[in-house]
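Right, one structure below, let's go through it.
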Amino acid sequence: MRVLIADDSFLLREGLARLLEELGHEVVAAVEDAPSVVPAALEHEPDLAVVDVRMPPTGTDDGLRAAVELRRRRPETAVLVLSQYVEVRYADELFADGEGGAGYLLKDRVQDLGVLAQACETVVAGGTVLDPDVVSRMLALRRAEDPVTSLTPREREVLALMAEGRSNAAIAEELVLSAGAVEKHVGNIFTKLGLLPGADGNRRVLAVLAWLRTDTP
């Protein structure tokens, strides 16, 4: 795949480029500030943009803003956002549109070549990647309204595995259920959360986000 790297650290840009090239990908551009992200993506048309959250000019969430704008301007480019720290609100903003093709990982995680490879493949294929530490933090949050209180214990088990990125087949294997039973549970989850057929966005992603925000274990 063709990859754009955006990070203000020269060493990290170089390190990511080498890792991605080891995986057989082509780094088509590397930029060091947030305002350069979208123009570079429009020029080089990458399949994936790997973007640091905190970048110049302000060093706060400029990279995240650029990633969100890139998803709006060129939705065919998948986005993998990197952060030094667990920032739950950044994950919320990145996935707010309910579409796939996006990921949020801590920088320490991408040092593992296998994790990086899987994350890249997943988001480019239209999937969603959430760092396990981010998932844990989101699960720990207490929210005033719990959107999953109507789910049965089994449906919550299914939704929890969906939040881990499991496919229906993997969920069936984990819970020792038939594929049809899992499909029925998933359909019930969508219905109870008000994610009806034809709704805007990716229903699976929206259901996972509802689960991650819940205060129910």
Side-chain angles (χ1 to χ4, degrees), residues 1-135 137-138 201 205 209:
M1 66 185 72
R2 293 163 55 81
V3 185
L4 162 68
I5 297 174
D7 197 291
D8 61 327
S9 167
F10 173 78
L11 292 178
L12 188 55
R13 287 200 308 275
E14 289 297 304
L16 278 173
R18 291 182 183 180
L19 288 174
L20 289 165
E21 287 167 356
E22 284 184 33
L23 293 171
H25 306 311
E26 178 187 3
V27 177
V28 296
V31 299
E32 61 184 16
D33 58 62
S36 301
V37 172
V38 173
L42 294 177
E43 177 182 354
H44 297 282
E45 301 183 341
D47 303 302
L48 170 68
V50 181
V51 184
D52 184 18
V53 166
R54 299 187 177 185
M55 296 180 67
T58 71
T60 55
D61 61 354
D62 301 80
L64 174 73
R65 299 297 178 192
V68 171
E69 176 65 11
L70 174 56
R71 282 168 62 76
R72 187 185 70 80
R73 295 278 299 277
R74 195 172 193 276
E76 59 268 40
T77 294
V79 173
L80 180 60
V81 169
L82 304 182
S83 179
Q84 188 69 40
Y85 310 101
V86 177
E87 299 273 9
V88 173
R89 67 184 181 88
Y90 292 161
D92 279 340
E93 292 184 51
L94 182 64
F95 300 110
D97 61 8
E99 301 293 341
Y104 180 101
L105 288 180
L106 296 183
K107 286 186 176 180
D108 289 345
R109 201 78 61 184
V110 299
Q111 296 177 19
D112 185 319
L113 197 59
V115 171
L116 178 61
Q118 184 61 53
C120 291
E121 292 173 6
T122 298
V123 297
V124 169
T128 301
V129 174
L130 275 170
D131 192 285
D133 287 348
V134 177
V135 171
R137 181 69 63 84
M138 294 181 85
V205 174
L209 287 175

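Sequential numbering from 1 along the given sequence is applied to the chain's residues. Being a predicted model, the structure only gives us computed values, none of them experimental.
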Original post:
Looking at CD of E14 and CG of L16, how far apart are the two atoms once the value is rounded to the nearest 0.5 Å?
Top reply: 10.0 Å
**OP:** Heavy atoms only: give me the nearest Y104-L80 pair and the separation to one decimal.
**Re:** N-CD1, 4.2 Å
**OP:** Output all residues satisfying side-chain hydrogen bond (donor to acceptor under 3.5 Å, both in side chains) with Q118, sequence neighbours left out; order by chain, then residue number.
**Re:** T122
Subject >> Test log, rule side chain to side chain contact (heavy atoms under 4.5 Å, CB included), inputs L20 and C120 >> reply: CA-CA 9 Å; L20 289 165; C120 291; 3.9 Å; yes
Subject >> R109: partners by side chain to side chain contact (heavy atoms under 4.5 Å, CB included), with sequence neighbours left out >> reply: L105, V115, D131, P132, D133
Original post:
Heavy atoms, side chains only, cut-off 4.5 Å: are L82 and V110 in contact?
Top reply: yes
**OP:** Sequence neighbours left out, what pairs pass salt bridge (Lys or Arg N to Asp or Glu O under 4.0 Å) with at least one residue falling in residues 113-127?
**Re:** none
Original post:
In chain order, what residues pass the side-chain hydrogen bond (donor to acceptor under 3.5 Å, both in side chains) check against D61, with sequence neighbours excluded?
Top reply: R65
Original post:
Nearest heavy-atom pair of G101 and R71: which atoms, and what distance?
Top reply: O-NH1, 3.4 Å
Please tabulate, one pair per line, all N/O donor-acceptor pairs under 3.5 Å involving side-chain atoms of residues 42-53, not counting sequence neighbours.
from	atom 1	to	atom 2	distance (Å)
D47	OD2	R2	N	2.7
D52	OD1	K107	NZ	3.4
D52	OD2	K107	NZ	3.1

**OP:** Using the test side chain to side chain contact (heavy atoms under 4.5 Å, CB included), find all partners of E69 that sit at least two apart in sequence or belong to another chain.
**Re:** V38, R72, R73
Using atom types as modelled, flag every donor-acceptor pair under 3.5 Å from a side chain in residues 22-30 to any protein atom, sequence neighbours excluded.
from	atom 1	to	atom 2	distance (Å)
H25	ND1	M1	N	3.3

**OP:** Would you please name every residue forming a side-chain hydrogen bond (donor to acceptor under 3.5 Å, both in side chains) with T77, sequence neighbours left out?
**Re:** R74
Original post:
Which atom pair, heavy atoms only, marks the closest approach of A67 to V81?
Top reply: CB-CG2, 3.8 Å
**OP:** Using salt bridge (Lys or Arg N to Asp or Glu O under 4.0 Å) as the criterion, list what pairs up with R54, not counting sequence neighbours.
**Re:** E87
Subject >> Audit row: V31, V37, side chain to side chain contact (heavy atoms under 4.5 Å, CB included) steps and yes/no >> reply: CA-CA 7 Å; V31 299; V37 172; 4.1 Å; yes
Original post:
Partners of D62 by salt bridge (Lys or Arg N to Asp or Glu O under 4.0 Å), sequence neighbours excluded?
Top reply: none
**OP:** Heavy atoms only: give me the nearest D7-S9 pair and the separation to one decimal.
**Re:** OD1-N, 2.8 Å
Original post:
If every non-hydrogen atom of G100 is compared with every non-hydrogen atom of T128, which pair is closest and at what distance?
Top reply: CA-OG1, 3.9 Å
Subject >> Pairwise distance CD1(I5) to CD(E32) - rounded to 0.5 angstrom >> reply: 13.0 Å
Original post:
Do V79 and V123 come close enough that some side-chain heavy atom pair is under 4.5 Å?
Top reply: no
Subject >> side chain to side chain contact (heavy atoms under 4.5 Å, CB included) partners of P35, counting only residues at least two apart >> reply: D33, P57
